[in-house]
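Below is one structure, written out as structure tokens; comments come after it.
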Amino acid sequence: MLWTLLKVILFVFSIAALTYGAGVLLDTGGGVRITVSGWELTFGPLQAVIFSVFLVLALWIVFKIISFVVAVLRFLTGDETAISRYFDRNRERKGYQALTEGFLALASGEGRVAMARAQRAERYLAKPELTNLLMAQSAEAAGDTKRAADAYKRLLADDKTRFVGVRGLMKQKLAEGDTDMALKLAQKAFAMKPRHAETQDILLKLQADHADWKGARQTLGAKLKAGELPRDVYRRRDAVLALQEAKTVFDDSSSIEAREAAIEANRLSPDLIPAAAMAARSLVAKGDRKGATRVLKKAWAVHPHPDLAAAFAEIEPEESPTARIKRFRALTDVQRDNEQTRLLLAELYVAAEDFPEARRSLGDTVITHPTQRSLAIMAAIARGEGEDDSVVRGWLTRALTAPRGPQWCCDKCHAIHAQWHPICENCGGFDTLSWREPPETSGPSATGTELLPLIVGQPAPTPPIEPDPVVAEDADVVLTPPRPD
């Protein structure tokens, strides 16, 4: 309300000022005389002022017309002018609008629509780093791999977008199954951006698939420097790669290098069972039996495993069963209550034909945790003690349907492997195999083998035998603990 009143007052004041000025000019005597080529024009004061205003306005219009004509001529000759800038802004606006619509269509899963918008944006915009990227991703979403590959190749021409182009082509080769070319592209992408986490993971997996363990260890070191791995995880995985490198050297019959690589793998991760077993065998090959015993004892203290027992038996392959039982106390005294220790002792006493002591060593394992291995050992004990064949067959038939016990299982997909591998053959996970018991499904089997104990005989219950600290001394059979299947 106040501002409206102020505007009215200003308007009235302006009209009054103009009226007063015109009156003053009319009352003023004299005027302006202009003589041109015999023409004479005389203007009064008010007429002179009006003529001056119209003259200035006419000159301004003339200058604008001349500027417009000059701009048109420059536009026709290709120079940048206000007209060209106007058309450029209009094209840029249409291009960015098409680009925005393309990215929205891509996010909505409409690959064909996104491709059309990318083509439209390419016509209007001089931004190949944006339009080629949109074209590549929209073509991938639409399933047009050829057009996507062409767009990624165009991205290689610019330093700013070269990594994106290499990465896109690498992903395409992985999808096509061309791992050789994918490995080369991954190495090139890694050289451009060594700290890129996704490229590191892809390169590490491809190098492991191609048994390039040395290159994989370098990539793993780059992951550590980039802060992508904790140091303890790095040491474990580096030990896994060193172990595989040692196996490769073994295959090439280079025993000296193999021994050093195996010992290094065990040094990096003493709890890695395959590394400990290989390091022990390497030390035995060097004649260092005490070193091999020390390595296996340290690994057994962390995680008892049949492979460690088998490697421990290879230290003295020609010893008698009695001497073997005594020597194995270096392992069995470490974790005496562990199930693997009980099974190992039972097998040693079965080999020494000391069946009562084998039964005492086995304890209640066949009741609390029956497995194929423990039930098979119980069948051997029953046979050695002269029990009826029906009792032996009962133990064996129970073993048919019993769990196999701990095995190498993948922590990601739970696939079971007969031997340890650095990469899961089912899901491709790296260092995901652990020695544990897989989950067992309950329910009757398809063949009905759980009824076999009723057909061939049920093992009779046997009274428990108290442990005897005295070790049998009259055995003469050599046992090498079996490896897991």
Side-chain angles (χ1 to χ4, degrees), residues 71-72 74-206 209 219 226 228 428:
V72 170
R74 291 178 60 190
F75 174 74
L76 294 176
T77 57
D79 293 340
E80 182 181 358
T81 61
I83 300 176
S84 64
R85 288 195 295 270
Y86 168 77
F87 285 108
D88 289 342
R89 287 194 298 269
N90 190 37
R91 289 171 59 87
E92 188 178 67
R93 179 181 59 80
K94 292 181 180 179
Y96 279 116
Q97 182 180 359
L99 196 67
T100 303
E101 293 174 354
F103 279 114
L104 290 175
L106 181 63
S108 302
E110 299 174 317
R112 295 292 177 184
V113 177
M115 285 178 62
R117 297 297 184 272
Q119 291 174 341
R120 179 179 174 86
E122 192 173 7
R123 289 198 302 269
Y124 288 121
L125 286 179
K127 298 286 186 180
E129 65 274 10
L130 295 178
T131 55
N132 287 332
L133 178 61
L134 178 59
M135 176 61 72
Q137 294 185 345
S138 58
E140 281 186 341
D144 192 346
T145 56
K146 184 179 184 303
R147 183 169 292 182
D150 293 339
Y152 281 128
K153 289 177 181 178
R154 290 196 296 271
L155 290 173
L156 299 176
D158 191 352
D159 292 338
K160 296 183 295 184
T161 59
R162 183 173 292 115
F163 176 78
V164 178
V166 173
R167 177 180 175 274
L169 293 173
M170 176 186 68
K171 288 291 191 69
Q172 281 196 322
K173 295 302 180 182
L174 286 174
E176 295 171 2
D178 189 357
T179 56
D180 293 334
M181 182 57 67
L183 177 59
K184 295 179 181 178
L185 292 170
Q187 291 171 341
K188 185 176 293 186
F190 179 74
M192 294 183 203
K193 287 190 176 182
R195 301 177 69 88
H196 193 261
E198 183 193 36
T199 303
Q200 291 173 349
D201 293 337
I202 294 175
L203 178 60
L204 182 63
K205 185 178 184 307
L206 290 172
D209 291 340
T219 306
E228 297 293 332

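The shortest distance between side-chain heavy atoms of Leu183 and Leu203 falls below 4.5 Å. At least one side-chain heavy atom of Arg93 sits under 4.5 Å from a side-chain heavy atom of Gln97. Contact check for Leu99 versus Leu130: side-chain heavy atoms found under the 4.5 Å cut-off. The side-chain heavy atoms of Ile202 and Lys205, taken from C-beta on, include no pair separated by under 4.5 Å. At a threshold of 4.5 Å between non-hydrogen side-chain atoms, the residues Arg167 and Glu198 count as touching. Residues Leu206 and Leu174 meet the side-chain proximity criterion, which asks for heavy atoms closer than 4.5 Å. In this structure, the side chains of Lys94 and Arg91 stay at 4.5 Å or more apart for every pair of heavy atoms.
Across every non-hydrogen atom of Gln200 and Pro194, the tightest pair is NE2-O, 2.6 Å. In plain terms, the two heavy atoms of Thr199 and Ala189 that are nearest each other are CG2-CB, 3.8 Å. The minimum heavy-atom distance linking Val166 with Leu185 is given by the pair CG1-O, 3.4 Å. Minimum heavy-atom separation, Pro128 to Thr131: CA-OG1, 3.4 Å. Minimum heavy-atom separation, Leu155 to Gly165: CB-CA, 4.1 Å.
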Which pairs would a plain distance check flag for residues 136-149, meaning a side-chain donor or acceptor within less than 3.5 Å of a matching protein atom at least two apart in sequence or in another chain?
from   : atom 1 : to     : atom 2 : distance (Å)
Ser138 : OG     : Leu134 : O      : 2.7
Ser138 : OG     : Met135 : O      : 3.1
Glu140 : OE1    : Tyr152 : OH     : 3.3
Glu140 : OE2    : Tyr152 : OH     : 3.4
Asp144 : OD1    : Arg147 : N      : 3.3

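The only option from Leu133, Leu169, Asp158 that meets the side chain to side chain contact (heavy atoms under 4.5 Å, CB included) definition with Val164 turns out to be Leu133.
Salt-bridge annotation for Asp180 and Lys184: absent, with no side-chain N of the basic residue lying under 4.0 Å from a carboxylate O of the acidic one.
Here salt bridge (Lys or Arg N to Asp or Glu O under 4.0 Å) pairs that include residues 117-133, with residues two or more places apart or in two chains, are Glu101-Arg117.
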